[in-house]
Visitor: 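My questions all concern the structure below.
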Amino acid sequence: MIRTGIGYDIHRFESGRRLVLGGVEIAPDHGLAGHSDADVVLHALADALLGAAALGDIGHLFPPSDPAIAGIDSRVILRAAATHIREAGYILANVDITIIAERPKIAPHIAAMRSVIARELQIPETGVGIKATTNEQLGAIGREEGIAALAVATIIGRRLMERL
Ligand code: MG
């Protein structure tokens with residue numbers, strides 16, 4: 001079986017916090033608000049992974065009310081989602097991500113994000129797509145109030161892989 005999942009996340013800016021996207025520190029300040037490190041990219045991606053196997057969402061895996069997740073590195077969340085996928089009998093084929101931000105410029109950081117995500121998911125970098133776009137100054141993101149991310153993930157049942 002070949003299955004696809006989708007994920008979405010958005011966080012608002014909060015001064016005095018680090019900006020972390022795709023597991024990479026982009027800026028020491030002007031980060032995003034959140035219980036964890038507020039990495040919207042990894043949150044959207046973890047939801048896409050879980051969604052592909054119909055395993056719920058990251059709010060279910062890591063409840064925001066749980067004090068243990070305060071300030072947590074979202075790579076931990078991503079790794080947990082990937083572990084759930086593997087334990088459910090799937091192999092990760094590829095992921096694709098779109099980051100929606102008016103600022104800062106994302107392009108200079110994409111290579112580093114792909115490298116981190118590929119390593120965390122234990123897949124080749126060719127299996128990690130990342131694009132960035134602005135919101136053309138429309139809406140909350142256009143007003144530079146926050147950053148959003150969309151992700152899709154494709155997974156393949158291990159038994160199907162063995163037959164191929
Ligand atoms: Mg989030």
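Atoms within a ligand are numbered from 1 in the order they appear, just like the ligands themselves. Owing to the predicted nature of the structure, the values given are computational and were not obtained by experimental measurement.
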Visitor: Please answer whether the main-chain N or O of L50 pairs with a side-chain N or O of D57 as donor and acceptor at a distance below 3.5 Å.
Guide: no
Visitor: Just one of V128, I97, I99 clears the side-chain contact (heavy atoms from CB on, under 4.5 Å) bar with M113, so which one?
Guide: I99
Visitor: For D9, what is the atom name of its N, O or S atom nearest to the Mg ion (ligand 1)?
Guide: OD2
Visitor: How wide is the angle at the Mg ion (ligand 1) between ND1 in H43 and NE2 in H11, to the nearest 10°?
Guide: 100°
Visitor: From D39, does some N, O or S atom reach closer than 2.8 Å to the Mg ion (ligand 1)?
Guide: no
Visitor: Spell out, as yes or no, whether a donor-acceptor pair under 3.5 Å connects the side chain of D39 to the backbone of G23.
Guide: yes
Visitor: Give a yes or no on whether a salt bridge exists between E145 and R12, defined as a side-chain N under 4.0 angstrom from a carboxylate O.
Guide: no
